[in-house]
Amino acid sequence: MSVVLRNAQRSVPVRRAPLRRAVCALRAALGASRFDVGLVCAGNALMQRLNGAYRQRPEPTDVLSFPFHQVAAGALPRPRCRGEYNLGDIFLGVEYIHQQCRDAGEDFEDVLVVTAAHGLCHLLGYRHDTKPAWEQMYRKEAQILEELNRLTGSRLRPLTAGLF
């Protein structure tokens, strides 16, 4: 199935092909290659509106995930028809991420991929609102990033490393 990537901002250049390839590999590492994923690269204004509307936090953020299915952490959806082979949509706050990377001296492209991995985990029911849930999500992020690292020779680590 496909990863549909849309760049809905113009502030930060995004290398779409490498990001799409990485998300395809991460989706495969999750065992969800059969499912479509929407990926939107968004600016601060859109992320602020979405974060305000859906999380009551009217400020830009790095990632928002909108699952098509509600599943327990780690469970794959059980589609009843072709139209349900969809994990959902991930909005990457690329303007926000870019600023954070500049401030911290981190590689933007790497952090973008790690943030997408975080968003994919959210689409599959992983959360980080309690310590046990965070530990479970962290392990899954580490697992799929290790698979990507093996394939690409990169050294990516989970986004939620210091959350709890």
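Listed by chain and residue number, Arg6, Val40 satisfy the side chain to side chain contact (heavy atoms under 4.5 Å, CB included) test with Ala8 (two or more places apart in sequence, or in another chain). For the side chain to side chain contact (heavy atoms under 4.5 Å, CB included) test, residues two or more places apart in sequence or in another chain that qualify with Ala73 are Tyr126, Gln136. Applying the side chain to side chain donor-acceptor pair (under 3.5 Å) criterion to Asp107, with sequence neighbours excluded, gives no partner residue. Remark: Val114 engages Leu145, Leu156, Leu159 in a side chain to side chain contact (heavy atoms under 4.5 Å, CB included) (not counting sequence neighbours).
Under the salt bridge (charged side-chain N to carboxylate O under 4.0 Å, His left out) criterion, no residue pair touches residues 42-56, with sequence neighbours excluded. Residue pairs meeting the ring pair (Phe, Tyr, Trp, His ring centres under 6.0 Å) criterion with at least one member in residues 31-53, sequence neighbours excluded, are Phe35-Tyr85. Applying the salt bridge (charged side-chain N to carboxylate O under 4.0 Å, His left out) rule to pairs touching residues 61-87 yields Asp36-Arg82, Arg80-Glu84, sequence neighbours excluded. Annotation: salt bridge (charged side-chain N to carboxylate O under 4.0 Å, His left out) contacts involving residues 24-35, sequence neighbours excluded, are absent. Sorted pairs that involve residues 113-124 and meet salt bridge (charged side-chain N to carboxylate O under 4.0 Å, His left out), not counting sequence neighbours, are lacking altogether.
With contacts defined as side-chain heavy-atom distances shorter than 4.5 Å, the pair Glu106/Gln100 does not qualify. Looking at heavy atoms from C-beta onward, Ser65 lies out of side-chain contact with Leu120 at the 4.5 angstrom threshold. Residues Leu26 and Val113 have side chains in contact (heavy-atom distance under 4.5 Å, counting atoms from C-beta outward).
The aromatic rings of Trp134 and Tyr138 sit tilted relative to each other, their planes meeting at an angle between 30° and 60°. Ring geometry, Tyr54 versus Phe66: the interplanar angle exceeds 60°, so the pair is classed perpendicular (tilted spans 30 to 60°).
For the atom pair OG of Ser154 and CG of Asp110, the computed distance is 6.5 Å after rounding to the nearest 0.5 Å. Between the CE atom in Met137 and the OG1 atom in Thr130 there is a gap of 11.5 Å [rounded to 0.5 Å]. Taken to the nearest 0.5 Å, the CG atom of Leu148 stands 12.5 Å off from the CD atom of Gln143. Atom SG of Cys101 and atom CG of Leu112 lie 8.0 Å apart (nearest 0.5 Å). Once rounded to the nearest 0.5 Å, the distance linking CG of Asn86 with NE2 of His69 reads 6.5 Å. Interatomic distance, Glu141 CD to Cys121 SG, rounded to the nearest 0.5 Å: 5.0 Å.
Through ILVMFWY side-chain contacts below 4.5 Å, Leu151 is grouped with nothing and stands alone.
Under the 4.0 Å criterion applied to side-chain N and carboxylate O atoms, Glu146 and Arg157 are assigned as salt-bridge partners.
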Please report, to 0.1 Å, the donor-acceptor pairs under 3.5 Å made by any side chain of residues 11-18, with sequence neighbours excluded.
| from | atom 1 | to | atom 2 | distance (Å) |
| --- | --- | --- | --- | --- |
| Arg16 | NH2 | Leu5 | O | 3.2 |

Output a table of donor-acceptor pairs, distance under 3.5 Å, between side-chain atoms of residues 89-99 and any protein atom two or more places apart or on a different chain; print 'none' if there are none.
| from | atom 1 | to | atom 2 | distance (Å) |
| --- | --- | --- | --- | --- |
| Glu95 | OE1 | Asn44 | N | 2.9 |
| Gln99 | NE2 | Asp103 | OD1 | 2.8 |

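Between Gln9 and Ala42, the closest heavy-atom pair is CG-C, 3.7 Å. Among all heavy-atom pairs drawn from Cys41 and Leu19, the shortest one is SG-CD2, 4.1 Å. In plain terms, the two heavy atoms of Ala117 and Ile144 that are nearest each other are CB-CD1, 4.0 Å. Of all non-hydrogen atoms in Val63 and Gly119, the two that sit nearest each other are CG2-CA, 4.0 Å.
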Side chain to side chain contact (heavy atoms under 4.5 Å, CB included) assessment of Lys140 paired with Leu30: CA-CA 8 Å; Lys140 182 51 74 173; Leu30 285 163; 3.7 Å; yes
